[in-house]
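Taking it in order: structure first as structure tokens, then the write-up.
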Amino acid sequence: MLSTSVLAQTPTPPERLKAQADIKALVNDPVALRQAIDAGKKVTFFCVNCHGENGISKMTEVPNLAGQNAAYVLEQIRKFGAGERKNQFMEGLIKVLKDDERLQAAQYYASMPVPPSPTTPALAAKGKALFTKLCVQCHGVNARGSELFPRLAGQQIEYLRLSITRYRDGTGIRNEPRMTIATSMLKDADIIALANYLRQLP
Ligand code: HEC
Ligand code: HEC
């Protein structure tokens, strides 16, 4: 089995490099960035129904988008559009967004703060130990991710549990070999502990 630190350095596909370059150009231009964020709020008026006001979901199985890394959001939108990630509703909906609207939506959500929620301390402590051993190489010590990896800190608890379980079980709903490897040894109770740890992180 490959070590996860090697897996963390897998080369980035060209379309993701382009998305990252688009984001970098925007972030380096404060006026354009402000305009993109304002436009993103308008573009996402419909998303509020599920992902909540300002990207803070009220449903524990629907992800927060607030605070999520823009490059990751763009990549997931691409995956839904290409049918590489399965969710009937998202696969259909996301096709209506044009490229510049996708970038605006991603930038808008990235600019929003995400509030953590308290969870069961004993479970969070167990989750922290697992996270430190198995997940930090990619998701970072504070679980805030990077342009390559999603933020997990403050994410909805049931969504975390579901997502981690789906990678582990190879359901085909989400396909990411590195996540399948990283989660292969986890028991259901470990996944619940990890979700408790991540949900309460700022
Ligand atoms: C009818 C409810 C609904 C609406 C409306 C909706 N979404 Fe979603 N979205 C979901 C669900 C449910 C998921 C999680 C799917 C899963 O379990 O993997 C999701 C996942 C996502 C993800 C992946 C997040 C992650 O952490 O991986 C992104 C990005 C996203 N949606 C963007 C949008 C945008 C942008 C809009 C508006 C144009 C939108 N969604 C509207 C239900 C919705
Ligand atoms: C080798 C790098 C790597 C390691 C180690 C890793 N991950 Fe991931 N993780 C990723 C990548 C890449 C994605 C995005 C996958 C995709 O596009 O579906 C991801 C996605 C996720 C998601 C989905 C986030 C969202 O918003 O939908 C969760 C939850 C997650 N990882 C949890 C974990 C946990 C818990 C561990 C440790 C047990 C872990 N990861 C270890 C690379 C890694």
Side-chain angles (χ1 to χ4, degrees), residues 2-10 12-13 16 40-52 55 57 59-81 84-98 101-110 114 127-140 143 145-168 171 173-186 190-199:
L2 285 167
S3 87
T4 46
S5 56
V6 172
L7 289 166
Q9 290 149 28
T10 304
T12 311
R16 294 198 69 179
K41 186 167 173 70
K42 296 200 185 87
V43 163
T44 56
F45 74 96
F46 186 67
C47 322
V48 171
N49 290 313
C50 298
H51 293 285
S57 168
M59 291 176 267
T60 119
E61 73 284 7
V62 178
N64 295 329
L65 299 176
Q68 190 50 277
N69 303 316
Y72 169 76
V73 170
L74 283 178
E75 172 64 3
Q76 297 309 306
I77 291 176
R78 185 196 68 74
K79 283 189 164 180
F80 283 126
E84 288 172 33
R85 178 173 175 180
K86 308 290 179 206
N87 178 276
Q88 210 178 9
F89 186 83
M90 287 301 306
E91 285 176 64
L93 172 72
I94 224 64
K95 296 201 172 95
V96 309
L97 292 186
K98 300 189 201 74
E101 291 171 337
R102 293 176 180 199
L103 184 60
Q104 289 159 352
Q107 214 61 70
Y108 163 65
Y109 284 127
V114 55
K128 181 179 185 172
L130 287 163
F131 188 80
T132 307
K133 202 166 92 195
L134 298 170
C135 323
V136 284
Q137 310 85 303
C138 293
H139 292 283
S146 65
E147 58 185 8
L148 295 177
F149 303 111
R151 178 194 179 104
L152 306 174
Q155 188 51 277
Q156 295 293 334
I157 197 161
E158 179 57 12
Y159 175 73
L160 286 166
R161 193 194 66 76
L162 259 176
S163 300
I164 299 169
T165 307
R166 286 168 172 168
Y167 288 119
R168 181 196 64 185
T171 57
I173 295 172
R174 299 190 70 171
N175 297 295
E176 169 55 58
R178 290 172 290 174
M179 274 304 298
T180 306
I181 293 170
T183 54
S184 61
M185 304 296 281
L186 297 175
D190 296 337
I191 295 177
I192 289 170
L194 280 160
N196 271 271
Y197 171 61
L198 295 167
R199 179 68 183 107

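Just follow the structure's listing: the first ligand is 1, and inside any ligand the first atom is 1. Sequential numbering from 1 along the given sequence is applied to the chain's residues. Since this is a predicted model, take the numbers as computed values, not measurements.
Closest to atom 24 (C) of ligand 1, if we only count protein heavy atoms, is Leu65 CD2, 3.7 Å. Looking only at protein heavy atoms, the nearest one to atom 22 (C) of ligand 1 is Phe80 CE1, 3.6 Å. Residue, atom and distance of the protein heavy atom nearest to atom 15 (C) of ligand 1 are Asn87 ND2, 3.6 Å.
For the pair Arg178 and ligand 2, the shortest N or O to N or O distance does not fall below 3.5 Å. An N or O contact shorter than 3.5 Å links His139 to ligand 2 by distance. Considering backbone and side-chain N/O atoms, Lys79 comes within less than 3.5 Å of an N/O atom of ligand 2. Considering both main-chain and side-chain atoms, Tyr167 comes within under 3.5 Å of ligand 2 through a nitrogen or oxygen pair. Looking at ligand 1, you'll find an N or O of Tyr159 within less than 3.5 Å of one of its N or O atoms. Distances between N or O atoms of Tyr72 and those of ligand 2 include at least one value under 3.5 Å.
Using a distance-only test at 3.5 Å, with no hydrogens or angles considered, a donor-acceptor pair links the side chain of Glu176 to the main chain of Arg178. Between the side chain of Asn87 and the backbone N or O of Met90, at least one donor-acceptor pair lies under 3.5 Å. Between the side chain of Gln155 and the main chain of Leu152, no donor-acceptor pair closer than 3.5 Å is present. At least one donor-acceptor pair closer than 3.5 Å links the side chain of Asn69 to the backbone N or O of Phe149. Distance alone, capped at 3.5 Å, is enough to place a donor-acceptor pair between the Arg199 side chain and the Gly154 backbone. Gln156 places a side-chain N or O within 3.5 Å of a backbone atom of Ser57 that can act as its donor or acceptor partner. Formation of a donor-acceptor pair under 3.5 Å by the Ser163 side chain with backbone atoms of Leu160 is not found in this model.
Atoms of ligand 2 lying under 4.0 Å from at least one heavy atom of Leu134, given by number and element, are 5 (C), 37 (C), 38 (C), 41 (C). Each of the following atoms of ligand 2 lies closer than 4.0 Å to a heavy atom of Phe149: 10 (C), 11 (C), 12 (C), 42 (C). Per-residue contacts place Val73 under 4.0 angstrom from the following atoms of ligand 1 (heavy atoms of the residue considered): 29 (C). The Leu160 neighbourhood of ligand 2 comprises atoms 29 (C), with distances under 4.0 Å to a heavy atom of that residue. The distance from ligand 2 to the heavy atoms of Ala182 drops below 4.0 Å at these ligand atoms: 4 (C), 5 (C), 6 (C), 38 (C), 41 (C). The distance from ligand 2 to the heavy atoms of Gln68 drops below 4.0 Å at these ligand atoms: 26 (O).
Atom 8 (Fe) of ligand 1 has an N, O or S atom of Met90 under 2.8 Å away, backbone or side chain. Within the coordination shell of atom 8 (Fe) of ligand 1, defined by N, O or S atoms under 2.8 Å, His51 is present.
In this structure, the separation between CD1 on Ile191 and CG on Leu130 is 10.0 Å, given to the nearest 0.5 Å. The NE2 atom of His51 lies 9.5 Å from the CG atom of Asn64; values are rounded to the nearest 0.5 Å.
Of the heavy atoms in Asn175, none comes closer than 4.0 Å to ligand 2. In Ala105, neither the side chain nor the backbone holds a heavy atom less than 4.0 Å from any atom of ligand 1. At a 4.0 Å heavy-atom cut-off, ligand 2 touches Pro150 through the side chain alone. Using a 4.0 Å cut-off between heavy atoms, Leu130 makes no contact with ligand 2 at all. Looking at Ile173 against ligand 1, nothing comes within 4.0 Å, counting heavy atoms. Only side-chain heavy atoms of Leu93 come within less than 4.0 Å of ligand 1; its backbone N, CA, C and O stay farther off.
Heavy-atom separations between Thr44 and ligand 1 are all 4.0 Å or longer. By the 4.0 Å heavy-atom criterion, Pro63 is excluded from the residues contacting ligand 2. Not close to ligand 1: Leu162, with no non-hydrogen atom less than 4.0 angstrom away.
Distances from atom 16 (C) of ligand 1 to the heavy atoms of Glu61, Met59, Arg166, Gln156 put Arg166 nearest. Of the listed residues (Glu75, Arg174, Arg85), the one carrying the non-hydrogen atom nearest atom 18 (O) of ligand 1 is Arg85. Between the choices Ser163, Cys135, Pro177, the shortest heavy-atom distance to atom 38 (C) of ligand 2 belongs to Cys135. Relative to atom 4 (C) of ligand 1, the option among Gly55, Cys50, Cys47 with the closest non-hydrogen atom is Cys50.
Crowding of Lys128 atom NZ: a count of heavy atoms from other residues, nucleotides or ligands under 6.0 Å not exceeding 12.
Across Arg78, Arg174, Lys79, Gln76, a single residue satisfies side-chain hydrogen bond (donor to acceptor under 3.5 Å, both in side chains) together with Glu84, and that is Arg78.
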